[in-house]
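Below is the structure I would like to discuss, written out as structure tokens.
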Amino acid sequence: MSSPHFGEDGDYALPPQATARRGRRRKDLSFLPEVPMDVLLEILVLLEPKDLLTMSRASKDFRKALVNETMNRVIWKVKREESGAPAPPSDFSEAKWVAFLFNSFCFACATPNVITDFFLLKRLCVACKKANYLAKCEANPDYAGLFQYVPMTCYAPASSKEPAEELYCWTPDFEHVVYVWNGLWDLIDTGDADARAELERFQQKRLDLVQWIDMTAPELYGWAGALQEQRQLDKASINERRAEIVRLHFYELGYEQVDVDEVVDSTTLEVCGKTANITNRVWNNIRAKLEPSVIQAKETRLFGLQCELFDIRVQIFAPVWHEWQSSLNLSTTDGLTYPPARNIARLPIFSNLMGTETNDVSTEHFRDMVEEFPGIIADFLSSKKADLRSMVPQENISADSPDALELATSVFRPPDNCSRAYPRFEWEGVVIGWEQHSMLHGWGTDDEALRYGWSVPVLHLGRFDAELSRVATFMVEACGRDPYITTAEDMDVLDMRFMCRECMNVVLRHRYGFRVDLDGEIPRTRMAMKAYTWRTALSHHSSHFGRGSPRPFKLLDEPMYLEAARDAEEEAEPDILAELPAWFCNHCPSPNDGDSATRGDVLRHLTVEHNQRAPRKGVDYIFNEAYRAKLEEPRSIEVIYERVPVDL
């Protein structure tokens with residue numbers, strides 16, 4: 001471990017390796033030592049302590065001019081007093097004390113940016129602490145009494161913030177005391193007449209130093225904390241001034257204040273610096289980095305204004321749209337196919353009224369278009385059907401196929417967000433058939449809006465799922481039907497049940513080991529398994545398993561098990577129907593303010609409000625398809641296997 005570094009006159013100095021010069025060439029200041037002393041002093045008193053220390057290390061001439069007894073009084077002491085630091089101990093000159101207080105490198109190895117320990121009067125990095133700290137409890141007991149002459153710290157080598165229970169000293173300090181102590185006692189033992197007096201002076205000097213440190217260290221910590229706080233305030237003030245200059249430059253370029261202020265402030269990394277002055281070269285560098293962000297802020301603000309304008313226009317348009325719908329006296333079945341006003345308002349035919357920046361757009365402008373509404377909604381529904389059909393692959397369709405949307409194999413995932421038919425309940429499961437698609441008014445987030453940090457809903461139809469279509473094809477064929485002509489309604493009428501092979505295999509492997517599954521011989525075993533409708537089977541596969549399983553489900557065609565599954569569903573059905581808000585009155589939007597309600601509430605409404613004594617399902621009241629997955633929730637039944645039955 002290297003020893004502390006001092007200059008030729010004993011003042012504190014940087015280690016040799018810390019004085020290496022790198023980077024661009026510095027300007028020549030060789031004339032300064034020849035400047036008249038009074039002029040030089042006028043310059044020096046304006047400098048910060050760190051600047052003075054840097055100058056003192058620039059050359060031998062500078063060091064000779066700055067580090068001497070005269071400068072100790074007229075420069076270094078003044079700078080120390082200006083900073084509010086306590087006076088130095090007796091063995092520190094003012095220059096050395098200022099160097100100790102304001103430098104930031106490890107005094108032993110020159111590691112930069114280390115924390116000062118004022119109880120040791122040392123500035124040390126963690127590595128040097130770990131290598132050279134001596135715990136009091138670990139010292140040679142023969143020298144335990146010498147610790148009173150050595151500065152001690154309560155901060156452990158790895159921490160400079162939390163005090164420890166143990167006390168530590170700097171090993172070279174302790175070794176120095178031991179060395180002097182032993183040397184003086186050797187002289188005393190040889191009869192040196194002056195040795196005892198020298199020992200007493202040494203003891204008193206060390207005790208005075210330790211006492212001074214113990215009394216002054218808390219004050220020094222307070223001073224250092226206040227200095228750091230002031231530096232932060234000064235830094236914040238400088239950065240705020242720099243930010244103001246940068247903002248003014250952008251204003252001069254024609255940018256709006258709101259856009260510039262969104263990007264530029266005193267914490268902006270590209271703005272921060274050491275001085276409040278910003279040269280043209282620095283400004284050009286800052287501009288190159290920040291101008292794209294200012295432009296982005298402007299575009300984001302303008303896009304936001306467009307979104308706010310659209311929302312205002314929708315509020316003007318919506319009453320006209322709803323009033324027209326009410327005038328049609330539509331059944332709920334038909335009404336559910338009509339999208340919300342917000343979705344319709346995004347159609348190109350309304351773009352002029354929705355996007356114009358004039359303030360005179362009123363309900364009358366939209367009333368003038370009422371005669372076009374029937375054609376608009378017809379085109380909307382026709383386009384929606386065409387777009388959905390276009391997603392179905394041609395290989396799923398034959399010449400004998402019905403409408404592609406009605407095929408049982410045309411399986412779609414719903415949009416991430418939906419509205420109208422079920423604002424209080426998100427769509428569960430998959431989407432199959434136009435009946436479900438027609439009431440599914442979904443939206444996704446506009447990609448352009450995301451680029452500007454906005455979430456703007458736009459019409460979204462969902463997406464065709466090739467994997468679920470493959471699974472649906474497997475189930476249709478398992479029922480002995482042709483997937484090219486079998487519709488979703490056909491599969492609903494068949495009303496078959498399926499069991500998940502993957503779930504069954506999980507049970508078997510848990511009982512008999514990972515090598516056992518439905519494709520091999522298995523012992524006679526009893527399992528409680530869920531029986532799925534074909535629709536809930538698809539939802540289960542979508543949420544629990546991925547792609548690639550060649551036979552994901554087993555047809556539950558054994559009469560005993562099929563009957564058990566239907567009995568379990570029938571037993572649970574009354575509770576489900578009593579609680580599930582999945583029904584609409586087909587004559588009006590009541591009884592739940594346009595939302596679906598429980599079947600009991602809807603039937604009572606039909607009896608009281610519409611005088612329907614025997615309401616008919618599908619005619620007087622209809623099912624909200626958003627709740628089909630809840631209605632068809634699978635029930636567990638017990639099955640017994642000895643080996644795998646033949647799969648259809």
Side-chain angles (χ1 to χ4, degrees), residues 333 408 421-422 425 427-433 435-436 471-472 475-476 478-481 486-501 503-504 507 526-544 552-586 592 596-607 612-641 645 648:
T333 303
Y422 38 91
F425 191 84
W427 189 284
E428 288 192 14
V430 295
V431 188
I432 308 172
E435 183 179 4
Q436 290 191 342
V471 175
M475 289 192 289
V476 170
C479 294
R481 298 305 179 96
T486 302
T487 64
E489 185 179 359
D490 294 335
M491 290 295 290
D492 291 338
V493 171
L494 280 175
D495 198 28
M496 299 302 291
R497 299 295 179 271
F498 298 83
M499 301 183 74
C500 176
R501 292 175 58 88
C503 291
M504 296 173 76
V507 173
R526 185 187 301 271
M527 294 184 289
M529 301 302 301
K530 289 184 176 180
Y532 297 89
T533 66
W534 76 284
R535 291 178 185 266
T536 55
L538 290 169
S539 299
H540 174 73
H541 183 78
S542 171
S543 59
H544 288 77
F553 292 94
K554 173 172 174 40
L555 176 65
L556 192 65
D557 57 346
E558 296 88 341
M560 177 179 65
Y561 296 142
L562 184 57
E563 183 180 354
R566 290 173 175 165
D567 288 346
E569 293 167 359
E570 186 176 347
E571 182 180 351
E573 186 176 35
D575 292 336
I576 296 176
L577 293 179
E579 299 177 1
L580 198 64
W583 305 91
F584 290 108
C585 170
N586 202 25
N592 198 25
S596 55
T598 63
R599 189 171 72 165
D601 289 342
V602 173
L603 293 179
R604 283 190 291 273
H605 165 79
L606 286 167
T607 301
Q612 296 286 334
R613 300 302 174 184
R616 294 161 294 172
K617 179 181 177 181
V619 177
D620 298 309
Y621 65 100
I622 61 173
F623 180 65
N624 183 349
E625 289 292 333
Y627 289 88
R628 180 173 289 277
K630 287 287 186 182
L631 181 66
E632 297 182 358
E633 188 171 339
R635 301 297 160 182
S636 293
I637 61 171
E638 279 197 346
V639 295
I640 300 174
Y641 282 109
L648 297 179

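Treat the numbers as computed from the prediction; the structure is a model and nothing was measured.
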Side-chain contact test, heavy atoms from C-beta onward, threshold under 4.5 Å: evaluate it for Leu631 versus Phe623 and give yes or no.
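They are in contact (side-chain heavy atoms under 4.5 Å apart), so the answer is yes.
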State, to 0.1 Å, how close Ala614 and Asp620 come at their nearest heavy-atom pair, and which atoms those are.
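The pair with the smallest heavy-atom distance is O-OD2, 4.3 Å.
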Starting at CD1 of Ile576, measure out to NZ of Lys630 and round the result to the nearest 0.5 Å.
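Taking CD1 in Ile576 and NZ in Lys630, the distance rounds to 9.5 Å.
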Closest non-hydrogen atom pair, Met491 against Val476
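What the structure gives for the nearest pair is SD-CG2, 3.9 Å.
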I need the minimum non-hydrogen distance between Thr536 and Glu632, along with the two atoms involved.
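Closest approach of Thr536 to Glu632, heavy atoms only: CG2-O, 3.2 Å.
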If I take atom OG1 from residue Thr607 and atom CZ from residue Arg613, how far apart are they, to the nearest 0.5 angstrom?
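Thr607 OG1 to Arg613 CZ: 6.0 Å, rounded to 0.5 Å.
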Could you walk me through whether Thr598 and Glu579 pass side chain to side chain contact (heavy atoms under 4.5 Å, CB included), step by step?
CA-CA 6 Å; Thr598 63; Glu579 299 177 1; 5.9 Å; no
Salt-bridge test for Glu625 and Arg628: reply yes if a basic N is under 4.0 Å from a carboxylate O, no otherwise.
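Salt bridge present between Glu625 and Arg628.
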Would you call Arg599 and Arg604 a side-chain contact if the rule is heavy atoms closer than 4.5 Å?
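The answer is no, as the side chains (C-beta and beyond) never meet within the 4.5 Å cut-off.
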Output, in order, the C-alpha distance, side-chain angles, deciding distance and verdict of side chain to side chain contact (heavy atoms under 4.5 Å, CB included) for Tyr621 and Leu603.
CA-CA 8 Å; Tyr621 65 100; Leu603 293 179; 3.7 Å; yes
Beyond-backbone contact of Met499 with Met504, side-chain heavy atoms, under 4.5 angstrom:
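Met499 vs Met504: side chains touch.
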Got Leu555 and Met475 here, is their nearest side-chain heavy-atom distance under 4.5 Å?
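No, side chains not in contact.
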Quick one: does any side-chain atom of Gln436 pair with a main-chain N or O of Ile432 as donor and acceptor, under 3.5 Å?
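Yes, because the side chain of Gln436 sits within donor-acceptor range (under 3.5 Å) of the backbone of Ile432.
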Heavy-atom pair with the smallest gap, counting every atom of Leu556 and Ala565
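Result for this residue pair: CD2-CB, 4.3 Å.
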Run the side chain to side chain contact (heavy atoms under 4.5 Å, CB included) check on Cys500 and His540 step by step: do they pass?
CA-CA 9 Å; Cys500 176; His540 174 73; 3.5 Å; yes
Ignoring hydrogens, what is the shortest heavy-atom contact between Cys585 and Val602? Give both atom names and the distance.
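It is N-CG1, 3.9 Å.
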To the nearest 0.5 Å, what is the distance between SG (Cys503) and NZ (Lys554)?
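The SG atom of Cys503 sits 15.0 Å away from the NZ atom of Lys554.
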Taking it one step at a time, do Trp534 and Leu494 satisfy side chain to side chain contact (heavy atoms under 4.5 Å, CB included)?
CA-CA 10 Å; Trp534 76 284; Leu494 280 175; over 6 Å; no
Nearest 0.5 Å please: distance from the OG1 atom of Thr487 over to the CG atom of Asp492.
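Reported value, rounded in 0.5 Å steps: 8.0 Å.
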To the nearest 0.5 angstrom, please state how far the CG atom of Asp567 sits from the CG atom of Leu562.
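Answer rounded to 0.5 Å: 9.5 Å.
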For Thr333, give me all partners under side-chain contact (heavy atoms from CB on, under 4.5 Å), at least two apart in sequence or on another chain.
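Once residues adjacent in sequence are excluded, the partners of Thr333 under the side-chain contact (heavy atoms from CB on, under 4.5 Å) criterion are Ser331, Asn586, Ile622.
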Apply ring-ring contact (aromatic ring centres under 6.0 Å, His included) to Phe498 and list each qualifying residue two or more places apart in sequence or on a separate chain.
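For Phe498, no residue satisfies ring-ring contact (aromatic ring centres under 6.0 Å, His included) once neighbours in sequence are set aside.
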Would you say the side-chain atoms of Ser596 pair up with the backbone N or O of Pro581, donor to acceptor, closer than 3.5 Å?
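Looks like yes, one N/O pair under 3.5 Å.
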Mind checking salt bridge (charged side-chain N to carboxylate O under 4.0 Å, His left out) for Glu570 and listing every partner two or more places apart, or none if nothing turns up?
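Per chain and number, Glu570 pairs via salt bridge (charged side-chain N to carboxylate O under 4.0 Å, His left out) with no residue.
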Quick check: does any side chain N or O of Arg566 sit under 3.5 Å from a backbone N or O of Ala564, one acting as donor and the other as acceptor?
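Pair absent, no side-chain N/O of Arg566 close to backbone of Ala564.
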Can you give me the closest heavy-atom contact between Met529 and Val507, atom names plus distance?
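What the structure gives for the nearest pair is SD-CG2, 4.0 Å.
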Derivation and outcome, salt bridge (Lys or Arg N to Asp or Glu O under 4.0 Å), residues Glu569 and Arg497
CA-CA 11 Å; Glu569 293 167 359; Arg497 299 295 179 271; 2.7 Å; yes
